[in-house]
Amino acid sequence: MDTLVSVGITGVGGYAPPGVLTNHDLEQMVETSDEWIRTRSGISNRHIADAATATSDIALPAARQALERAGLAPDALDIVVMATFTPDYLLPATACTIQHALGATRAAAFDLAAACSGFIYAINVIAPSIATGQFRNALVIGADTLSKVTDYTDRSTCVLFGDGAGAAVLQPVPAGRGLLASYLRADGGGCEMLYIPGGMTRKPASHETVDARDHYVKMSGNEVFRFAVRALEEAVLEALSRAGLTAADVDLIVPHQANIRIIDGAAKRLGIPEDRWVINLHEYGNTSGGSIPLALNDAYEQGRLHEGDVVVFVAFGGGLTWGASVLRW
């Protein structure tokens, strides 16, 4: 155990496509209103990729920015991990497309599917390999183009989702810094609370699945809401406990940006003051895998991350999956 090294984030990046879909735009598409959306979700805008833009296209600018901030050349990377459920293709992994486009010629690459919890899952899959010396330089990306799988005739879901990407470079850091503890969970019994039913081996693509709009995200909103508030509280408290810390020790918390009422509910349960939460969902909506790293990038650019800060990432998503990580910045 004494040969393990500490693993932390040494560079971050973020990107969202330039097109913006406002609440007022949605008023022209479905029966809804700006006030209804804002009061129930906290969202005003969401960035939308155009028809020619794939998930790798929005991931690449975030990846390049993270590498630049870490002072790391792409050919020094050992591995690229892409957390997404909207890949460019089912085969090959989108991480391979990104690895090639970056010029990361030495790097292995793979995708990881844990929906909105994907970024937290990914950093915890990779960090132990850096800690043991198998890898030294890793790039973890979270990105999704949810507009490609959003049903814009379903007012219960189309107001929530946007497109975005974030990235982080993971490397060895001084002892006592970086990733301190994590908590990851899943419950496949909640699969159909948040899923895309059509297109794969359970329900292969056909005229029938297209006509039934089975290739779009389906969500049981009330059930997901109830699960999410409990899951965020549980994950934060358990991860902090494993790190030997309490909620009072948290300097900054970066939650999955799904719904302001979920975040508010978790904040009250945890007793972590509002000014310690990073919230950008008003501008981006729910970007799934891109959510936490995009918010982390915003916090970095706003000067909210300070050396020695206790930072918590927490998310929930389809699977059902949920989890949290505690880092000392």
Side-chain angles (χ1 to χ4, degrees), residues 7-17 46-47 49 55-70 72 77 79-87 94-95 98 102 109 111-127 137-146 161-171 178-179 182 184 235 252-258 263 277-281 283-302 304-305 309 311-317 321-327 329:
V7 181
I9 292 173
T10 59
V12 297
Y15 179 80
R46 60 279 309 129
H47 290 243
T55 299
S56 67
D57 297 320
I58 67 170
L60 277 165
R64 291 187 173 114
Q65 188 174 56
L67 287 168
E68 181 180 353
R69 287 173 173 165
L72 190 69
L77 283 170
I79 191 160
V80 177
V81 183
M82 176 69 162
T84 188
F85 77 89
T86 56
T94 302
I98 293 167
L102 288 173
D111 288 359
L112 181 151
C116 306
S117 307
F119 181 76
I120 294 177
Y121 266 64
I123 61 175
N124 280 283
V125 165
I126 291 304
N137 304 315
L139 177 65
V140 175
I141 306 165
D144 276 299
T145 48
L146 273 81
F161 300 127
D163 302 335
V169 173
L170 270 61
Q171 293 179 295
L179 189 64
S182 293
L184 301 178
L252 203 67
I253 183 163
V254 187
H256 170 46
Q257 309 287 310
I263 295 173
W277 295 74
V278 179
I279 297 172
N280 66 359
L281 61 82
E283 177 59 26
Y284 300 108
N286 181 347
T287 57
S288 189
S291 175
I292 286 178
L294 186 59
L296 180 66
N297 181 66
D298 278 3
Y300 172 83
E301 293 183 344
Q302 293 161 8
R304 298 182 66 184
L305 290 162
D309 278 355
V311 181
V312 176
F313 305 153
V314 61
F316 66 91
T321 58
W322 66 103
S325 289
V326 182
L327 303 89
W329 200 254

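Any value given below was found using the heavy atoms of this structure, including those in side chains, with hydrogens, waters and symmetry copies removed. Quick note: residue numbers are just sequence positions, from 1.
- Counting only distance, with no hydrogens or angles, the side chain of Gln257 and the backbone of Leu281 share a donor-acceptor pair below 3.5 Å.
- Using bins of under 30°, 30° to 60° and over 60° for the plane-to-plane angle, the ring pair Phe119/Phe313 lands in the tilted bin.
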key: side chain to side chain contact (heavy atoms under 4.5 Å, CB included) between Leu102 and Leu139, worked out   = CA-CA 11 Å; Leu102 288 173; Leu139 177 65; 3.6 Å; yes
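- For Leu294 against Gly164, the heavy-atom pair with the smallest separation is CD2-CA, 4.3 Å.
- Annotation: the span from Arg304 atom CZ to Trp277 atom CH2 amounts to 11.5 Å, rounded to 0.5 Å.
- Pairing each heavy atom of Ala295 with each of Asn280, the nearest pair is CA-ND2, 3.4 Å.
- Atom-to-atom distance recorded for Asn124:CG and Leu179:CG is 5.5 Å, nearest 0.5 angstrom.
- Judged purely by atom type and a 3.5 angstrom limit, Ser117 has no side-chain atom pairing as donor or acceptor with the backbone of Gly323.
- In this structure, CD in Gln302 is found 9.5 Å from CG in Asn297, a value given to the nearest 0.5 Å.
- Rounding to the nearest 0.5 Å gives a distance of 9.5 Å between OG1 of Thr55 and CZ of Phe85.
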- Task: Applying side chain to side chain contact (heavy atoms under 4.5 Å, CB included), run through Ile9 and Trp329 and close with a yes or a no.
- Result: CA-CA 8 Å; Ile9 292 173; Trp329 200 254; 3.8 Å; yes
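- Residues Ser325 and Ser182 come closest through the heavy atom pair OG-OG, 2.7 Å.
- The shortest distance between side-chain heavy atoms of Ile141 and Val80 falls below 4.5 Å.
- Partner of Val125 under the side-chain contact (heavy atoms from CB on, under 4.5 Å) criterion, chosen from Leu112, Ile79, Leu184: Leu112.
- Across every non-hydrogen atom of Val140 and Ala122, the tightest pair is CG1-CB, 3.6 Å.
- Counting only heavy atoms from C-beta outward, the side chains of Ile253 and Val311 never approach each other to under 4.5 Å.
- For the atom pair CZ of Arg46 and CG of Asn286, the computed distance is 11.0 Å after rounding to the nearest 0.5 Å.
- The shortest non-hydrogen separation linking Ala49 to Thr145 is CB-CG2, 4.3 Å.
- Although no hydrogens or angles enter the test, the distance criterion places no donor-acceptor pair under 3.5 Å between the side chain of Asp309 and the main chain of Leu305.
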| query | What do the steps show when you test Leu296 against Val278 for side chain to side chain contact (heavy atoms under 4.5 Å, CB included), and what is the final call? | reply | CA-CA 8 Å; Leu296 180 66; Val278 179; over 6 Å; no
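- In this structure, a donor-acceptor pair under 3.5 Å is absent between the side chains of Thr287 and Asp144.
- Residues Val169 and Leu67 are in side-chain contact: their nearest non-hydrogen atoms beyond the backbone lie under 4.5 Å apart.
- Here the straight-line distance linking atom CG of Asp111 with atom CE of Met82 works out to 6.5 Å at 0.5 Å rounding.
- In this structure, a donor-acceptor pair under 3.5 Å is absent between the side chains of Ser56 and Thr94.
- Heavy-atom contacts from other residues, nucleotides or ligands closer than 6.0 Å to CD of Glu301 number more than 12.
- Shown here for Ala167 and Pro293, the closest heavy-atom pair between the two residues is N-CB, 3.8 Å.
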